[in-house]
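So the structure is just underneath, and the comments pick up after that.
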Amino acid sequence: MLDFEFYNPTRIVFGKGTVAQLDRLVPADARVLVLFGGESARRTGTLDEVKSALGGRELREFGGIEPNPTYETLMRAVELIRSEKLDFLLAVGGGSVIDGTKFVAAAVRFDGDPWAILEGHGAGVTDALPFGSVLTLPATGSEMNSGAVITRKATHAKLAFMSPHVFPRFSILDPTKTYTLPPRQVANGVVDAFVHIIEQYLTYPVSAPVQDRFAEGLLQTLVEIGPKALAEAGNYEVRANLMWTATLALNGLIGAGVPQDWATHMIGHELTARHGIDHARTLAIVLPSLLRERREAKRAKLLQYAERVWHITQGTEDERIEAAIARTETFFNGMGIKTRLSDYGLDAAAIDGIVSQLEAHGMVALGEQEEITPQVSRRILEAAL
Ligand SMILES: NC(=O)c1ccc[n+]([C@@H]2O[C@H](COP(=O)([O-])OP(=O)(O)OC[C@H]3O[C@@H](n4cnc5c(N)ncnc54)[C@H](O)[C@@H]3O)[C@@H](O)[C@H]2O)c1
């Protein structure tokens, strides 16, 4: 096992009706900014529920945080917080709103142009406003981690930062809040969580059987409940298990002490930034062809994945590896998520632009072995056409 430090201070309050507990979780004298996305939080009644739970506190609202939150929009929240002297943030939404809130929390206390937070991947963050979240979309794990991904509209740059100062103080996970999700977002959430697990599992063995079995348990759970989550919108047990699985997929636990890949995410971010494809869908495009390209470096774990997650035991090693990758694609397709660039209207002409953006963002040695050069990323994208 590799050396590691594990730190996760986020309190999780899980269950039906838990929004009411905001009154206990947010300081009584806080001046609160409630941040949300489009109109779903208002339409579904969650925003009213939040406001009534926070009754008696000084409250302001900031709506309109986009999917793939932008620096341009978030900087308006920073101005509002400064001018109104607000001191506690509450994110109500999915990964985009929670990520955006993390950026705002850090930017308010940052000296200089806050875009430097993204360019430095969080290194310059020394403080942040306290914040909590009410999660409405199980997918990203943002509710229990210290990472965020922000887009600068002007330059089509989608960059990530991490800082121990931006762990949520608490996150409320009420599975009934996911009942209103459109099928597209449920499918995205399942696939996003699946690929988060793969990025921390499908690398090379380091004698870490507990991390491996945690990861395999989470992957198998998603394979089992993913289709049910799509088919049965109001099934509490399915939504509860999906919500907790997505959180555990990226709260640091399964990645502690093991190598991590993240190349699929880095290539995927460029696809979203340049072509507006949903985050999870970019991962479904990149992952299968990345696994094929990297089959030698990942051979031992691919064979373990084939056997333990997909129960594939027949055939040569290469046949078992190919069967496991094909089953992964079939799983994504079964969730209604297409896995080829051409399915999203892109052809070979798009690849130069994506590779140049990877180079511009310093993504020139990706993956657990740092062997995915721009040339390798190009091959991965060509194989995904
Ligand atoms: N911080 C991390 O660790 C991390 C990890 C992976 C991805 N991300 C980032 O998170 C973002 C994606 O977040 P996401 O997948 O959670 O989606 P999202 O937050 O972008 O939301 C997608 C859509 O679903 C709607 N929605 C949310 N909850 C709803 C509900 N209960 N009912 C109806 N509609 C609802 C939103 O209004 C939005 O239109 C991307 O920018 C991605 O890069 C962050």
Side-chain angles (χ1 to χ4, degrees), residues 8 10 19 35-47 49-50 63-71 73-74 91-103 118 122 133-152 157-163 166-168 171-200 229 233-234 239 242-243 246-252 255 260 262 264-273 276-284 337:
N8 194 317
T10 301
V19 170
L35 300 100
F36 56 98
E39 284 306 299
S40 72
R42 201 187 297 280
R43 203 179 50 241
T44 56
T46 303
L47 202 59
E49 229 181 295
V50 163
I65 297 179
E66 319 82 336
N68 308 305
T70 68
Y71 168 83
T73 298
L74 298 169
V92 180
S96 292
V97 175
I98 303 175
D99 279 13
T101 300
K102 289 176 179 176
F103 175 74
L118 278 313
S133 88
V134 174
L135 180 68
T136 62
L137 197 174
T140 65
S142 188
E143 65 279 7
M144 198 180 178
N145 69 34
S146 59
V149 197
I150 306 299
T151 298
R152 190 154 190 166
K158 182 170 184 180
L159 298 181
F161 83 98
M162 288 185 83
S163 164
V166 297
F167 276 105
S171 285
I172 289 185
L173 274 56
D174 178 345
T176 66
K177 295 286 158 219
T178 73
Y179 290 175
T180 53
L181 281 169
R184 168 180 171 153
Q185 299 302 342
V186 176
N188 282 352
V190 169
V191 169
D192 192 21
F194 192 92
V195 181
H196 291 158
I197 304 161
I198 293 278
E199 299 264 35
Q200 301 162 88
R239 291 300 170 99
L242 174 57
M243 208 168 212
T247 301
L248 289 171
L250 196 50
N251 71 350
Q260 303 191 16
W262 298 109
T264 296
H265 269 74
M266 295 310 124
I267 301 171
H269 287 168
E270 304 300 352
L271 274 168
T272 299
I277 303 171
D278 290 356
H279 173 65
R281 284 160 203 255
T282 69
L283 307 178
I337 296 204

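As the structure lists them, so they are numbered: ligands from 1, and atoms in each ligand from 1.
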Of Ser96, Gly94, Pro69, the one whose closest heavy atom lies nearest atom 18 (P) of ligand 1 is Ser96

Would you mind telling me if ligand 1 is within reach of the side chain of Thr151, the backbone, both or neither, using heavy atoms under 4.0 Å? neither

Is the closest heavy-atom distance from Ser40 to ligand 1 below 4.0 Å? yes

On a heavy-atom basis, which atom in Ser142 and which in Gly147 lie closest, and how many Å separate them? OG-O, 3.9 Å

Does a side chain donor of either Asn188 or Asp278 reach within less than 3.5 Å of an acceptor in the other side chain? yes

Quick one: does Lys158 get within less than 4.0 Å of ligand 1, heavy atoms only? yes

Ile337 to Val191 - nearest heavy-atom pair and separation: CD1-CG2, 3.8 Å

Thr136, portion touching ligand 1 at heavy-atom distance under 4.0 Å: both

Using a plain distance cutoff, I'd like to know if Arg43 has any nitrogen or oxygen under 3.5 Å from a nitrogen or oxygen of ligand 1. no

His196 and His265, any side-chain heavy atoms less than 4.5 Å apart: yes

Return the closest protein heavy atom for atom 38 (C) of ligand 1 as residue, atom name and distance. Pro67 CG, 4.1 Å

What protein heavy atom sits nearest atom 41 (O) of ligand 1, and how far off is it? Asn68 OD1, 3.1 Å

What residue and heavy atom of the protein are closest to atom 33 (C) of ligand 1, and at what distance? Thr180 O, 3.4 Å

Ranked by distance from atom 7 (C) of ligand 1, the top protein heavy atom is His279 NE2, 3.4 Å

Using distance alone, decide if ligand 1 has a nitrogen or oxygen within less than 3.5 Å of any nitrogen or oxygen in His196. no

Hey, does Gly147 sit under 4.0 Å from ligand 1 if you only count heavy atoms? yes

Which heavy atom of the protein is the closest neighbour of atom 14 (P) of ligand 1, given with residue, atom name and distance? Gly95 N, 3.7 Å

protein heavy-atom neighbour closest to atom 31 (N) of ligand 1 works out as Lys177 O, 2.9 Å

What protein heavy atom lies closest to atom 3 (O) of ligand 1? Include the residue and the distance to one decimal. Asn145 ND2, 2.9 Å

Atom of Gly189, atom of Ala139 and distance for their closest heavy-atom approach: CA-CB, 3.4 Å

Atom 5 (C) of ligand 1 sits nearest the protein heavy atom Thr140 O, 3.4 Å

Return the minimal non-hydrogen interatomic distance between Gln200 and Trp262, and the atom names on each side. CG-CZ2, 3.8 Å

Side chain or backbone of Asp192 under 4.0 Å from ligand 1, or both, or neither, by non-hydrogen atoms? side chain

Which is closest to atom 29 (C) of ligand 1 in terms of heavy atoms, Leu181, Leu137, Thr282? Leu181

Are side-chain N/O atoms of Thr247 and Glu143 paired as donor and acceptor at under 3.5 Å? yes

Counting only N and O atoms by type, is there a donor-acceptor contact under 3.5 Å from the side chain of Gln260 to the main-chain atoms of Gly255? yes

Thr70 side-chain N/O to Arg152 backbone N/O, donor-acceptor pair under 3.5 Å: no

Is Asp99 in polar range of ligand 1, meaning some N or O pair under 3.5 Å apart? yes

